[in-house]
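Please find one structure pasted underneath; my questions will follow.
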Amino acid sequence: MTEILYIASMFDDADLGTIFSDPENVSYAASKYNRLLCEGLAQNGVRVEALALLPVTRSNCKKILVRKKPEKSGDLTVRYMTTVNLPVIKHILRCIYSFFRVLFAERGTVVLFDLFAVSANIGMNAAAKIRRFERVCIITDMPEHLTSSKMCLRIENKLIADATAYVLLTEQMKERVVSGRKKAIVLEGHIDHNAARTEEDAADARDPSQRIVLYAGSLHRRYGIADLVDAFRACHKQGDVLHIYGTGDYAEKIKEIAREDPCIRYFGVKPNGFIVQAERKADLLVNPRTGEGEYTKFSFPSKVLEYMVSGTPVLMARLPGIPDEYYDYVYIFDDRKKDGLARALRAVLDTDVCETADMGRRARSFVLRCKSNVTQAEKIIAWLRHDEKD
C-alpha cells in the first residue's frame, strides 16, 4: 500500500460563507466523518489523497462554476473536484475526472470510497477494475434507508457488490453486505483527536440560573425530535431550557413552538465549531432516537460520539447498532414507555451536578482513548496491511 486515494463528499466550515448560499440544505455529518478519517489516516504516516466532492446543488449554491484550491497538510492532500453546478453535467464530469485520476494512480494504491459519492464512484470503479486496485467501500448507512431513486439504489448496490473490502459502522451490516471471502472491519465512527487539547472546564461559562438541555442534529420526526420537545415540555422546571440546532421536516413546527414557549429555543443551522462549543456549555445532551425501526440496526448516530467528547453528560436510548461498551458512560432512557424520556430527563436534571459532571468526564476520556480518528484509522491501516500479507 503506497497511497490511499479517498473519494468522498467533503467541505469545511469556512465554505459556508464562500460557497453555499443556503447552509440549511447542506449535509454536515458525511463531510465531517470523511475529513476526520482522512486526517487520521495521514496522521498514521500513510500518504492520502482525497478527491473531494463539494456537496453543491442548485438549491444551496448560486454559482454555476464552483472551484476550490487544493489543501495540503503533512501526508494529506485534499483536491476538490471543480464542479459545474448543473444537473446531469455535474455528475458526468465527476465520473470522468475520477476515472482518469484512478486510472493513472500509482501502482499499489488502495481506494477508499464513501458509498454515497455515487457519480465519482462510477468512474473510480471502472478504472480501479482495470488497474486491479483494492476498493474499500465505506458504508455509513444502508442505501435502501437513504436513497429514494431506484437508479441510484441499483448503482450503490453494484458498488457494494464490486468492492473488495468494507468499512462498516455496525456488526449487523456484515450480514447484509459481506459475501464470500471478502473482508470487513467494523468501526462505529470517530472523534477529532485534537479535542484532547481542549481540556478546560466549560462549566465556568455556564449560566447558573439555567439548566440547558441541548439537541443538535437532523430535525426529522423519525429521529425522535418531536418526542424530545414533548417530553421536555412535560417535565421541565423553572430555569430549564431546551436548545435545538439543525434542520429537517420538523423544523417549522419547532419554530412555531419556540415562538409560543420561551423555554424552547431554536437556533437553526450553525457551523460545527459553534455547535461543539454550545455542547460543551450545556448541562445535558440528548439523542432522542429510539430502537424502533429496522434501520437502527445499521446505524450509529455520529452525534453520540460528538456529544461524548464534549464532556457534557449524554442521555439516550439503547440502540441495536451501538455496542454495549458505550452504555457505561451515558444515561439511558426507556424507549418502551411513553413517558420514558420525560422521566429520564427529569431524573438526570435533578441529579447532583458533581455526579453528572463525572459521567461526562468519563465519557470524554473513553472516546478520546478508544475512538479518536487517529486510533480508528490505525485499525484500518493495520487491517489493510494484514490483508496484503495474506
Side-chain angles (χ1 to χ4, degrees), residues 6-43 48 50-57 59-63 66-74 76-83 85 114 116-117 140 189-198 200 202 205 214-219 243-248 251 265-282 285 301-312 364 367-368 371-374 376-377:
Y6 193 113
I7 300 176
S9 172
M10 212 178 300
F11 66 97
D12 56 44
D13 279 358
D15 297 328
L16 294 177
T18 58
I19 293 177
F20 299 103
S21 57
D22 184 4
E24 291 196 1
N25 284 322
V26 182
S27 174
Y28 293 84
S31 175
K32 183 175 181 180
Y33 176 96
N34 291 315
R35 182 173 288 276
L36 285 177
L37 186 51
C38 284
E39 291 172 357
L41 292 165
Q43 285 285 329
V48 180
L51 299 185
L53 286 68
L54 291 164
V56 295
T57 65
S59 63
N60 67 23
C61 178
K62 295 179 180 178
K63 298 178 181 179
V66 184
R67 299 174 182 269
K68 186 175 180 183
K69 293 180 179 179
E71 300 167 357
K72 183 172 177 57
S73 177
L76 172 62
T77 302
V78 181
R79 300 189 190 281
Y80 296 92
M81 295 188 194
T82 298
T83 301
N85 191 17
D114 181 343
F116 299 106
T140 53
H190 40 259
I191 52 92
D192 188 350
H193 78 288
N194 287 315
R197 301 175 185 173
T198 314
E200 68 271 15
L214 185 146
Y215 172 85
S218 297
L219 304 185
H243 289 188
I244 299 173
Y245 296 83
T247 188
R265 300 178 188 174
Y266 176 58
F267 296 90
V269 175
K270 298 291 184 183
N272 186 252
F274 185 99
I275 299 292
V276 168
Q277 290 302 313
E279 288 168 348
R280 298 188 68 246
K281 294 175 183 178
L285 308 175
S302 58
K303 73 170 61 64
V304 170
L305 287 168
E306 183 177 286
Y307 278 2
M308 292 175 76
V309 79
S310 72
T312 300
R364 174 181 167 83
V367 295
L368 284 173
K371 309 296 178 180
S372 79
N373 58 328
V374 175
Q376 299 290 66

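Values below: all heavy atoms of this structure, side chains included; hydrogens, waters and symmetry mates excluded. We number each residue from 1, following the sequence as shown.
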* Asked: Backbone N or O of N60 within a donor-acceptor pair of the S21 side chain at under 3.5 Å?
  -> yes
* Asked: Side chain of N373, backbone of L36: donor and acceptor closer than 3.5 Å?
  -> yes
* **Shortest non-hydrogen contact between C38 and V48, atoms and distance** => O-CG2, 4.2 Å
* Asked: Ignoring hydrogens and geometry, is there a side-chain-to-backbone donor-acceptor pair from S310 to Y307 under 3.5 Å?
  -> yes
* To do: Kindly indicate whether the side chain of Y28, heavy atoms from C-beta on, has any atom under 4.5 Å from the side chain of L16.
  => yes
* **Shortest non-hydrogen contact from L368 toward D192** => CD2-O, 4.4 Å
* **Expected output: side-chain H190 to main-chain V374 donor-acceptor under 3.5 Å** => no
* **Residue pair Y266 / T247: nearest heavy atoms and the distance that separates them** => OH-CA, 4.3 Å
* Would a 4.5 Å heavy-atom cut-off, applied to side chains only, mark R35 and F11 as touching? -> no
* Asked: Would you say the side-chain atoms of N194 and E39 include a donor-acceptor pair closer than 3.5 Å?
  -> no
* Structure fact -> Of all heavy-atom pairs linking C61 and I19, the shortest is SG-O, 3.3 Å
* Asked: Is the NZ atom of K72 crowded by more than 12 outside heavy atoms at less than 6.0 Å?
  -> yes
* Asked: Any donor and acceptor pair, going by atom type alone, linking the side chain of T312 with main-chain N or O of L285 inside 3.5 Å?
  -> no
* Asked: Does the separation of the ring centres of F267 and F274 fall below 6.0 angstrom?
  -> no
* Asked: What is the distance from atom CE of M81 to atom CD1 of I7, rounded to the nearest 0.5 Å?
  -> 6.0 Å
* Asked: Are any of the side-chain heavy atoms of Y6 and L37 separated by less than 4.5 Å?
  -> yes
* Asked: Can you check whether F116 reaches S9 side chain to side chain, under 4.5 Å on heavy atoms?
  -> no
* Structure fact -> In T83, T18, D12, the residue satisfying side-chain hydrogen bond (donor to acceptor under 3.5 Å, both in side chains) with K68 is D12
* Asked: For the residue pair M10 and L54, what are the closest heavy atoms and their distance?
  -> O-CD2, 3.5 Å
* Does the side chain of N272 reach to within under 4.5 Å of the side chain of E306, using non-hydrogen atoms? -> yes
* **For the student: nearest non-hydrogen atoms of A278 and Y245, plus distance** => CB-OH, 3.6 Å
* How far does CG of L305 sit from OG of S372, to the nearest 0.5 angstrom? -> 10.5 Å
* Do side-chain atoms of N85 reach the backbone of K63 as a donor and acceptor pair under 3.5 angstrom? -> yes
* Structure fact -> So OG1 of T140 and CG of N34: to nearest 0.5 Å the spacing works out to 7.5 Å
